**Student:** 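So that we are looking at the same thing, I have put the structure below in structure tokens.
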Number of protein chains: 2
Amino acid sequence: MNNHLKDNSTESIDSKETLRRLPLFSELSIEDLRKVTSFSRVKKFQKNDFLFHQGDFYTGFYILLKGTIKVYKVSSDGKEAVVHIIKPLNSFADIPLFEGTDYPVTAKCLEESLVLCISKEGFLELIYENPEISLRMLAGFAKRLKAMVNQVEDLTSKEIPNRLAKYILKEIKTAGTEKLAEPFVKLSVPKTTIAAYLGTITETLSRSLKKLQDEGVIRVNGKSIFVNDIKRLKDLAK
Amino acid sequence: MNNHLKDNSTESIDSKETLRRLPLFSELSIEDLRKVTSFSRVKKFQKNDFLFHQGDFYTGFYILLKGTIKVYKVSSDGKEAVVHIIKPLNSFADIPLFEGTDYPVTAKCLEESLVLCISKEGFLELIYENPEISLRMLAGFAKRLKAMVNQVEDLTSKEIPNRLAKYILKEIKTAGTEKLAEPFVKLSVPKTTIAAYLGTITETLSRSLKKLQDEGVIRVNGKSIFVNDIKRLKDLAK
DNA sequence: TAACAAACCTGACTTAAGTCAAGGAAATTA
DNA sequence: TAATTTCCTTGACTTAAGTCAGGTTTGTTA
């Protein structure tokens with residue numbers, strides 16, 4: 001269960017180039033970048049590894065370099081509410097930096113993943129000395145707040161096929177196939193996880209996918225989704 | 001409709017004391033406080049006045065000094081999704097400061113309200129010169145992100161009576177009557193708004209209130225809610 | 001490659017919550 | 001105070017989504 005300490009190797013940071021590519025650190029001087037390397041580590045995790053559990057003592061936050069991470073809460077009755085599906089270059093578990101709490105969520109790898117682990121103390125020191133980082137961080141938080149506001153709006157006012165349409169559309173966009181004659185995505189996460197992210201269960205997701213398919217909007221083949229009628233899909237999503 | 005410019009008077013800031021009481025500005029020097037007064041205004045709004053509409057050109061953010069504000073989104077089919085119910089000392093519409101967008105939501109007064117309006121340009125200048133403000137702002141954003149994560153969890157995994165229980169509990173806490181033999185609140189917002197905030201409709205809210213009452217958990221009298229069994233209520237909320 | 005376990009799908013059924021319609025209470029305005 | 005509007009409640013009904021149970025497919029591991 002508590003396998004977030006075994007089974008993952010610490011790799012030395014491949015120079016400061018990795019850091020430079022991250023929006024958060026892109027403007028730092030060489031010295032500051034060196035500082036960052038002193039309190040951060042790149043770690044590799046295997047599929048199904050836990051990075052941390054809800055309630056663990058807070059030690060720092062993460063930036064995903066490669067792979068996919070599921071961030072979720074487990075309620076008292078054992079149900080998983082998926083809060084975020086993290087993709088590369090996004091940070092997570094950075095809220096407790098400023099809240100002084102334990103990890104409020106659980107993070108689990110959905111595939112082999114590479115993450116940058118950044119220690120709380122080191123980072124807070126850095127941020128006090130480099131205010132421009134806090135501005136970047138503010139921008140990042142603002143973006144996420146906006147996304148969360150949208151998520152709340154969707155959850156309160158949209159039915160599941162509509163939320164699904166929106167999800168597929170977003171996936172198509174990040175896959176970069178939006179402009180093709182037949183846009184498509186290969187889902188990188190199990191449908192159970194997508195269901196929990198959309199606030200439903202697999203059965204309902206399965207039926208919603210079928211519904212969209214029957215209506216000629218999409219075509220589903222295992223983990224691949226092909227969009228036949230993107231206009232219709234956009235209409236459902238809004 | 002567009003009455004956010006008429007009908008509200010601009011009042012001169014009652015010295016710097018108002019600002020000092022706000023967490024965001026509490027550590028500023030006298031000179032900086034004077035600066036803040038130069039690009040901010042206290043305004044009074046009447047019940048049902050709009051502060052801004054979704055899509056309006058962004059000019060700045062707000063801190064509520066007195067009253068209650070409903071922050072919501074209107075979807076294409078005309079439904080209102082209430083995103084926040086703002087209480088005094090909380091700021092709102094600060095996300096677009098860092099996102100460069102128009103107002104993404106609409107803000108409407110639920111009662112006569114006093115707000116501090118802070119201009120985007122002035123504030124951004126100030127924040128560049130006073131990094132400690134950005135740290136306070138980060139703390140504020142972190143707190144809200146955490147609240148939004150909770151909100152998403154509730155919306156995805158809890159039924160309406162449970163969400164309602166949680167809402168009542170929060171209201172009891174802010175009312176400060178939690179420790180009394182019979183904790184109570186007087187709801188400061190119409191039930192329609194509470195319903196939209198909980199992701200449902202008035203009818204269902206009405207029935208959920210009745211259900212909690214029939215189970216002996218609460219007693220409802222118009223806008224007042226009395227808690228008979230706070231243990232039970234807490235249990236429902238978690 | 002066989003064997004096992006996840007993940008996924010489908011059908012029959014139940015239930016929570018939404019819709020529609022009507023009437024009553026409360027608050028606002030005349 | 002009466003009149004009007006907004007807010008709230010209740011009942012009968014519909015529908016979306018959840019539950020339960022079975023079976024299939026897919027993917028892992030031995």
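Keep in mind the model is a prediction, meaning the values are calculated, not measured. Only heavy atoms go into these numbers, but all of them, side chains included; no hydrogens, no water, no symmetry mates. Throughout, protein chains are lettered first and strands after them, A, B, ... in sequence-line order, and every chain is numbered starting at 1.
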**Student:** Write down the distance between CD (A:E159) and C1' (C:dT19), rounded to a whole number of angstrom.
**Tutor:**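 Rounded to the whole Å, the gap is 12 Å.
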
**Student:** Between B:K166 and B:D154 (salt bridge meaning N to carboxylate O under 4.0 Å), is one present in this structure?
**Tutor:**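 Looking at B:D154 together with B:K166, the answer is yes, because their closest N to O distance falls below 4.0 Å.
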
**Student:** Salt bridge or not between B:K47 and B:E112? Use side-chain N to carboxylate O under 4.0 Å.
**Tutor:**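 A salt bridge is absent here (no side-chain N lies under 4.0 Å from a carboxylate O).
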
**Student:** Just how far is it from atom CD of A:E171 to atom CD1 of A:I225, taken to the nearest 0.5 Å?
**Tutor:**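 Atom-to-atom, A:E171:CD and A:I225:CD1 are 8.5 Å apart.
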
**Student:** Does OP1 or OP2 of C:dA7 have a side-chain N or O of A:K223 closer than 4.0 Å?
**Tutor:**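 The answer is no; no side-chain N or O of A:K223 sits under 4.0 Å from OP1 or OP2.
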
**Student:** How many whole angstroms separate atom CG of B:L155 from atom P of C:dA16?
**Tutor:**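 About 18 Å, once rounded to whole Å.
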
**Student:** In whole angstrom, give the distance that lies between atom CD1 of A:I194 and atom P of C:dA6.
**Tutor:**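 After rounding, the gap between these two atoms is 20 Å.
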
**Student:** If you assign A:G222 and A:R207 each to the DNA chain D nucleotide with the nearest heavy atom, which residue ends up on the more 5' nucleotide?
**Tutor:**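 The residue mapped nearer the 5' terminus is A:R207.
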
**Student:** For the pair made of CD in B:Q213 and P in D:dC8, what is the distance, rounded to whole Å?
**Tutor:**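 To the nearest whole Å, that distance equals 15 Å.
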
**Student:** For a quick check of understanding: with a heavy-atom distance under 4.0 Å over all strands, which category does B:T192 fall into, base, sugar-phosphate or nothing?
**Tutor:**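 Contact class for B:T192: sugar-phosphate only.
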
**Student:** Which is more 5' along DNA chain C, the nucleotide nearest B:E203 or the one nearest B:S208? Just name the residue.
**Tutor:**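 Looking at DNA chain C, the more 5' nearest nucleotide goes with B:S208.
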
**Student:** Give a yes/no on whether any side-chain N or O of B:T200 is located under 4.0 angstrom from OP1 or OP2 of C:dG18.
**Tutor:**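 So the side-chain polar atoms of B:T200 do come within 4.0 Å of the phosphate oxygens OP1 or OP2 of C:dG18, strictly under.
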
**Student:** Step by step, work out the salt bridge (charged side-chain N to carboxylate O under 4.0 Å, His left out) result for B:D94 and B:R144.
**Tutor:** CA-CA 12 Å; B:D94 43 9; B:R144 265 158 62 197; 2.9 Å; yes

**Student:** Going by the rule side chain to side chain contact (heavy atoms under 4.5 Å, CB included), which residues pair with A:E178 if we only count those two or more places apart in sequence or in a different chain?
**Tutor:**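 Per chain and number, A:E178 pairs via side chain to side chain contact (heavy atoms under 4.5 Å, CB included) with A:I172, A:K173, A:I230, A:K234.
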
**Student:** Start at the 5' end of DNA chain C and walk down; is the nucleotide closest to A:T156 or to A:K191 reached first?
**Tutor:**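 Looking at DNA chain C, the more 5' nearest nucleotide goes with A:K191.
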
**Student:** Any chance you could encode DNA chain D as dot-bracket? Rule is Watson-Crick or G-U wobble with both distances under 3.5 Å; [ ] for pairs crossing earlier ones, | for another strand.
**Tutor:** ||||||.||||||||||||||.||||||||

**Student:** Taking only N and O in the side chain of A:K47, is any of them less than 4.0 Å away from OP1 or OP2 of D:dT28?
**Tutor:**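 Yes, within the criterion.
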
**Student:** Starting from the 5' end of DNA chain D, give me the residue, A:N221 or A:I160, whose nearest nucleotide shows up first.
**Tutor:**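 This one resolves to A:I160.
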
**Student:** Under 4.0 Å from OP1 or OP2 of C:dA17: is there any side-chain N or O of B:T204 that close?
**Tutor:**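 The answer is no; no side-chain N or O of B:T204 sits under 4.0 Å from OP1 or OP2.
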
**Student:** Could you tell me whether A:K211 contacts a base, only the sugar-phosphate backbone, or nothing, with contacts defined as non-hydrogen atoms closer than 4.0 Å?
**Tutor:**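 Nothing: the residue A:K211, judged by heavy atoms under 4.0 Å, touches no strand.
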
**Student:** Using the side-chain hydrogen bond (donor to acceptor under 3.5 Å, both in side chains) criterion, which residues pair with A:K87? Sequence neighbours excluded.
**Tutor:**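 Once residues adjacent in sequence are excluded, the partners of A:K87 under the side-chain hydrogen bond (donor to acceptor under 3.5 Å, both in side chains) criterion are A:S188.
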
**Student:** Name the one of B:F45, B:Y103, B:Y72 that satisfies ring-ring contact (aromatic ring centres under 6.0 Å, His included) with B:F52?
**Tutor:**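 Testing each of B:F45, B:Y103, B:Y72 against B:F52, the sole residue satisfying ring-ring contact (aromatic ring centres under 6.0 Å, His included) is B:Y103.
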
**Student:** What integer distance in Å separates B:E111:CD from D:dC7:C1'?
**Tutor:**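 So the CD-C1' distance, B:E111 to D:dC7, works out to 17 Å.
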
**Student:** Ignoring backbone atoms, establish whether A:K158 has a side-chain N or O less than 4.0 Å from OP1 or OP2 of D:dA16.
**Tutor:**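 For D:dA16, neither OP1 nor OP2 has a side-chain N or O of A:K158 closer than 4.0 Å.
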
